[in-house]
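Quantities reported herein were computed from a predicted structural model and do not represent experimental measurements. Every chain is numbered from 1 and lettered A, B, ... according to where its sequence line falls, protein lines coming before strand lines. No hydrogens, no waters, no symmetry mates; every other heavy atom, side chains included, goes into these values.
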Amino acid sequence: MEIRSGICRFGLWRIRILWSENLVHKVSFERFGEESYVPPQIKLFLSGKKDTLSPLTSVALTDGHPYNNIYRAVFEIPYGETKTYSEVAEICGTHHRTVGIAMKRNPTPLIIPCHRVVSKNSLGGFTPDIMIKKSLLEIEKKKRNLAGLS
DNA sequence: TCTGTTATTGCGC
DNA sequence: GCGCAATAACAGA
C-alpha cells in the first residue's frame, strides 16, 4: 500500500496530507510549502463546494486506534453543526477533558471534523491556529445557510 | 511508576 | 465576570 503526500492551500496555511487509497494517515498544517496534488474531495471541501469528504476515511477511525470511539463520535457530527466537548464526552462515556486531549492528538483534522467540537462558551481551541477552526466553521455555516434558503 | 501536560467545565466569590 | 479546582489519559523520564 503506497502512501502518497500532497499539499493544498488554505488561507495563510498549507495543509499537508498523507494518504493511500481512501485512507488518510495524517493531516498536518504548515506555514510554507509548494502546492501539489491532493485528493479532489479535499479541495472541494475546503472551498465549500462539497459538504463531505466521502469516501475518504481516517486511520483514527480504525479499530485499535487510541480514542477510536471519540473520533467516531466526532466523525458523526453533521456538516455545519457543532457539539460541545461535554456532549461528545457523554456519547463516548468519557470525560470532557479527555475529549480535548483526543482532539489535540487528532492525527487527521478535517477528516475527523474536530473543528465542529467547540467549547461551551467559546470556540475552544485548535492547534496550530484557531483561525483555521474559525474559517472552517464559517465556510460550513455559510454553505448550510445557502442550502437552507434554496 | 510517577509527573507534567492538556483544544474544558462549573462552582464560589 | 474571574479564578481555580476537579478530572481523564497519554508521553516521557
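For dT8(B), neither phosphate oxygen OP1 nor OP2 lies less than 4.0 angstrom from any side-chain nitrogen or oxygen of Thr84(A).
Gly100(A) comes within contact range of the sugar-phosphate backbone alone, with a heavy-atom separation under 4.0 Å but no base atom that close. Using a 4.0 Å heavy-atom cutoff across all strands shown, Thr127(A) reaches at least one base atom of the nucleic acid.
Linking Ile, Leu, Val, Met, Phe, Trp and Tyr residues whenever their side-chain heavy atoms come within less than 4.5 Å places Phe126(A) and Leu137(A) in a single cluster. Cluster membership for Ile77(A) and Leu110(A), using ILVMFWY side-chain heavy atoms within less than 4.5 angstrom, is not shared.
Panel note: side chain Gln41(A), backbone Leu53(A); no donor-acceptor pair is recorded below 3.5 Å. Between the side chain of Tyr71(A) and the backbone N or O of Asn106(A) there is at least one donor-acceptor pair closer than 3.5 Å.
Ring geometry for Trp19(A) against Tyr37(A) counts as tilted: the plane angle lies between 30° and 60°, on a 0 to 90° scale.
Rounded to whole Å, the distance from CD on Glu87(A) to P on dG10(B) is 11 Å. Rounded to an integer number of Å, the gap from NZ of Lys120(A) to P of dC11(B) is 9 Å. The distance between atom CG of Asn121(A) and atom P of dC2(C), rounded to the nearest whole Å, is 12 Å. Look at OH on Tyr85(A): it is 6 Å from P on dT8(B), rounded to the nearest Å.
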If a protein heavy atom is under 4.0 Å from the base, mark B; if only from the sugar-phosphate, S; if neither, -; do that for nucleotides 8-13 of chain C going 5' to 3'. BBSS--
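Summarising the base pairing, dA6(C) is matched to dT8(B) through a Watson-Crick or G-U wobble pair whose two defining distances lie under 3.5 Å.
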Exercise answer: donor-acceptor pairs, residues 25-36 of chain A side-chain atoms, under 3.5 Å, sequence neighbours excluded:
from: His25(A); atom 1: NE2; to: Ser20(A); atom 2: OG; distance (Å): 2.9
from: Glu30(A); atom 1: OE2; to: Arg16(A); atom 2: NE; distance (Å): 2.6
from: Arg31(A); atom 1: NH1; to: Leu12(A); atom 2: O; distance (Å): 2.9
from: Ser36(A); atom 1: OG; to: Ile7(A); atom 2: N; distance (Å): 3.0

